[in-house]
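This report refers to the structure that appears directly beneath it.
Hydrogens, waters and symmetry mates play no part in the numbers below; they use all other heavy atoms, side chains included. These numbers were taken from a predicted model, which means no experiment stands behind them.
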Amino acid sequence: MKITQVRIKAFLFIFVFTIYSASCCFSHNVISKVDSSKTKIISFKIKLKSAEKVKIQAADLKFNKHLAYSFTVDDGYRSAYLTAFPLFNGGKISSSMINEWKNDQGGDGTTSKGLFYSDGLGNKIPFKFGLAINGGAIGDLPANRGHLSWPEVRELYNAGWDILNHGFHHATKHGTNFLTEVTENTTSIQQNLGFTMSHFVVPGGESDPGYHLEYERDALTNGSFSVASYAGDGPVIKVDNKVNLDKMIYARTFVQSSQDTIGFKTMDRFLATFDSVTKLSGPIWYNEFTHGVGNSNLWNLSMRFPDFKYYMTTIANKYGANGNDSIWMAPWQEVYEYIWIRDRIKINYVQNGKEGTITIEVPEIPETFRYRDISLFVDSNSKFEIESKQTDFKITDDGKTKHKLITIQLK
C-alpha cells in the first residue's frame with residue numbers, strides 16, 4: 001500500500017492530537033461482566049516495613065510505563081530477520097544480501113549491542129516487532145529469497161515477536177475470496193508453527209473500492225480480536241481509562257524512507273512526531289508500520305536500513321533502558337492482551353498494620369491469548385516483601401528498592 005510523504009506528514013500530526021483528545025473516558029476500574037464460574041482467584045501477602053496505609057491498583061501499562069510502542073512490519077520480508085532482529089537482540093547484522101527481486105535486504109554488517117527497555121526491576125528486555133505475514137509466501141527457496149522461511153519465523157516468534165495474519169496470498173484484486181484468505185493463513189500458521197493468530201492486518205495493493213471492509217468483516221468474525229486497516233482508532237490511543245477493544249479496527253501509519261538519501265532529515269521528521277507523542281499527558285499506546293528494513297527501499301514503501309537503524313537507536317537511547325526508560329516496546333498483540341486483562345480483573349486489598357493481603361479476580365482468558373501478565377502500581381513510601389504460597393503464578397517486585405511495582409505472570 002503506497003502512502004506518499006505528503007499524506008503522511010499531513011495526517012500523522014492530525015491523528016496524534018485529534019485521536020488523543022477523542023479517546024474513550026470510561027474508568028478501567030469498571031469491571032466487565034464475567035462468568036463467575038470460570039474466574040480465577042489469586043492471592044498473596046505484602047509485608048511492609050511500616051504501618052502506613054498503602055494503595056494498590058492495576059498499572060495502566062505493563063511495568064507501569066508511560067508509552068507502549070508497537071511497531072509492525074508487513075509482508076514477512078527477510079530483512080526483518082537479517083537486520084532488525086540482530087539490531088534489537090544484539091549480534092551480527094547481515095551485510096548486503098541481494099534478493100530474488102534484485103533488492104538489497106541486508107544491512108551494514110556491524111555487530112549490535114542490542115536495543116532494550118527494562119522491566120522496572122533492572123532487567124533489560126530487547127525491542128520487539130509484530131510480523132504481518134502471508135503463509136503462502138513463506139519458504140526455503142530460492143537461496144536468496146526475499147521472504148522469511150518457517151525456521152526464521154519460528155525463531156522470531158520464540159524471541160517474543162508476534163505473528164499477525166496478513167492473508168494467505170496477500171490478495172486484494174477483484175475476485176479475491178477474502179474469507180479464504182483469512183482462514184487459509186490461520187491454518188497455515190497452525191500447521192507450521194503450532195499456534196493460532198488472533199489479530200489481522202489488511203494487505204494493501206491493487207483492489208476494488210471498499211475491499212478492506214470485507215477483510216475487516218471476515219477477520220473479526222473468524223477469530224481476530226482486532227484489525228489494522230486504512231482508517232480507525234489511533235495511532236495514538238489513551239489507556240488511562242478503560243479501552244474499547246471489542247472488534248477494534250485501528251489505522252496504520254507508515255514510517256518510510258524518502259527519495260533523499262542524504263542525512264536523516266526524513267527520519268528526524270518522524271522522530272519529531274514520536275517525541276510529541278511521548279510528551280502527551282497520561283499513558284499512551286502508539287503504533288507504527290513499515291515494510292522492508294534492508295538497504296534498499298523495497299517497493300518504495302520501506303525504511304532503508306541506515307534510516308531504520310538511526311530511527312530505532314535514537315528512540316532506544318532517549319526512551320529505552322539507556323535513556324529515561326519510559327517505553328514499553330512491545331508488539332500490538334502483547335499490548336492488546338495486557339489492556340484486555342487489566343480492564344477485566346478485580347483487585348481487592350486489605351491491610352492490617354504492616355501486613356496486607358492482595359486478592360485478584362481474573363476472568364476466563366481466551367485460549368488464543370499469548371500473554372497473561374498484569375502489573376500493579378504500589379503507592380507506598382514503605383519497603384516491602386511479597387509472600388505467596390500459590391504456584392499458579394510468578395511474581396516479581398521492586399519492594400526493596402523503589403517499592404512501587406509488582407508484576408504478575410499468570411500460568
Side-chain angles (χ1 to χ4, degrees), residues 1-12 15 71-80 98-105 130-139 142 144-148 153 163-189 197 199-222 224 226-232 234-235 249-259 266 287-294 296-304 332:
M1 181 178 70
K2 187 171 183 179
I3 299 179
T4 66
Q5 289 294 322
V6 172
R7 190 176 178 185
I8 291 170
K9 289 164 62 180
F11 286 97
L12 196 52
F15 282 145
F71 199 102
T72 304
V73 283
D74 280 2
D75 302 343
Y77 294 125
R78 201 176 177 202
S79 56
I98 308 301
N99 66 16
E100 58 193 299
W101 312 308
K102 309 303 180 185
N103 286 301
D104 188 350
Q105 289 210 50
L131 281 174
I133 68 172
N134 318 106
I138 306 300
N144 65 331
R145 64 191 182 279
H147 285 104
L148 296 162
V153 176
I163 309 303
L164 313 177
N165 194 338
H166 201 41
F168 187 64
H169 293 108
H170 200 278
T172 60
K173 294 183 179 180
H174 181 74
T176 294
N177 186 322
F178 301 103
L179 176 59
T180 299
E181 280 291 303
V182 172
T183 57
E184 280 193 1
N185 207 37
T186 299
T187 300
S188 175
I189 272 62
M197 296 178 294
H199 297 267
F200 190 85
V201 179
V202 174
E206 182 181 343
S207 59
D208 294 332
Y211 85 99
H212 61 289
L213 300 176
E214 298 189 54
Y215 260 131
E216 292 170 10
R217 178 200 63 207
D218 289 339
L220 291 172
T221 56
N222 286 274
S224 293
S226 73
V227 175
S229 191
Y230 289 89
I249 297 175
Y250 62 100
R252 282 178 293 179
T253 54
F254 284 87
V255 180
Q256 55 195 53
S257 296
S258 66
Q259 299 300 320
T266 299
N287 74 88
E288 293 184 314
F289 288 73
T290 199
H291 290 83
V293 288
S296 296
N297 185 352
L298 191 63
W299 319 133
N300 292 317
L301 295 168
S302 304
M303 299 175 75
R304 295 186 189 90
W332 179 272

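Across all non-hydrogen atoms, the minimal contact from Ala80 to Val73 is CB-CG2, 4.2 Å. Scanning all heavy atoms of the two residues, the minimum distance from Glu181 to His169 falls at OE1-N, 2.8 Å. Closest approach of Gly204 and Tyr211 over heavy atoms only: CA-OH, 3.3 Å. Taking each heavy atom of His166 and Pro203 in turn, the nearest pair found is CE1-CA, 3.4 Å.
Distance CG/Leu164 to CG/Leu131: 7.5 Å, rounded to 0.5 Å. Between the CG atom of Asn99 and the CD atom of Gln105 there is a distance of 4.5 Å, given to the nearest 0.5 Å. In this structure, CG on Asn300 lies 8.5 Å from CD on Gln256, to the nearest 0.5 angstrom. In this structure, the separation between CD on Glu214 and CG on Asn177 is 9.5 Å, given to the nearest 0.5 Å. Atom CZ of Arg145 and atom OH of Tyr77 lie 15.0 Å apart (nearest 0.5 Å). One distance of note links CG of Asn134 with NE2 of His147; it measures 6.0 Å at 0.5 Å rounding.
A heavy-atom distance below 4.5 Å is not found between the side chains of Phe200 and Asn222. For the pair Ile249/Leu220, a side-chain contact is recorded, criterion being any heavy-atom separation below 4.5 Å from C-beta on. The shortest side-chain heavy-atom distance between Met197 and Asn185 falls under the 4.5 Å cut-off. Between Arg217 and Phe178, every side-chain heavy-atom pair lies at or beyond the 4.5 Å cut-off. At a threshold of 4.5 Å between non-hydrogen side-chain atoms, the residues Val202 and Arg252 count as touching. Looking at heavy atoms from C-beta onward, Thr180 lies out of side-chain contact with Phe168 at the 4.5 angstrom threshold. Put simply, the side chain of Ile189 does not reach to within 4.5 Å of the side chain of Asn165, judged on heavy atoms. In this structure, the side chains of Glu288 and Phe254 stay at 4.5 Å or more apart for every pair of heavy atoms.
Side-chain atoms of Ser257 come within 3.5 Å of backbone atoms of Arg304 as a donor-acceptor pair (strictly under, hydrogens ignored). Distance alone, capped at 3.5 Å, places no donor-acceptor pair between the Asp74 side chain and the Ala132 backbone. Panel note: side chain Ser302, backbone Thr290; no donor-acceptor pair is recorded below 3.5 Å. A distance-only check finds a donor-acceptor pair linking the side chain of Ser79 to the backbone of Val293 [under 3.5 Å]. In this structure, His291 contributes its side chain and Leu301 its backbone to a donor-acceptor pair below 3.5 Å. Formation of a donor-acceptor pair under 3.5 Å by the Thr172 side chain with backbone atoms of Glu206 is found in this model. Remark: the backbone N or O of Thr183 is paired with a side-chain donor or acceptor of Thr187 at under 3.5 angstrom.
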Report the C-alpha separation of Asp208 and His174 in whole Å, then their side-chain angles, then the decisive distance to 0.1 Å, and conclude whether the side chain to side chain donor-acceptor pair (under 3.5 Å) test is met. CA-CA 6 Å; Asp208 294 332; His174 181 74; 2.7 Å; yes
Ser224 vs His199, test: side-chain contact (heavy atoms from CB on, under 4.5 Å). Steps then yes/no. CA-CA 5 Å; Ser224 293; His199 297 267; 5.7 Å; no
Quick one, Ser226 with Trp332, criterion side chain to side chain donor-acceptor pair (under 3.5 Å). Give me CA distance, side-chain angles, the key distance, then yes/no. CA-CA 10 Å; Ser226 73; Trp332 179 272; 3.0 Å; yes
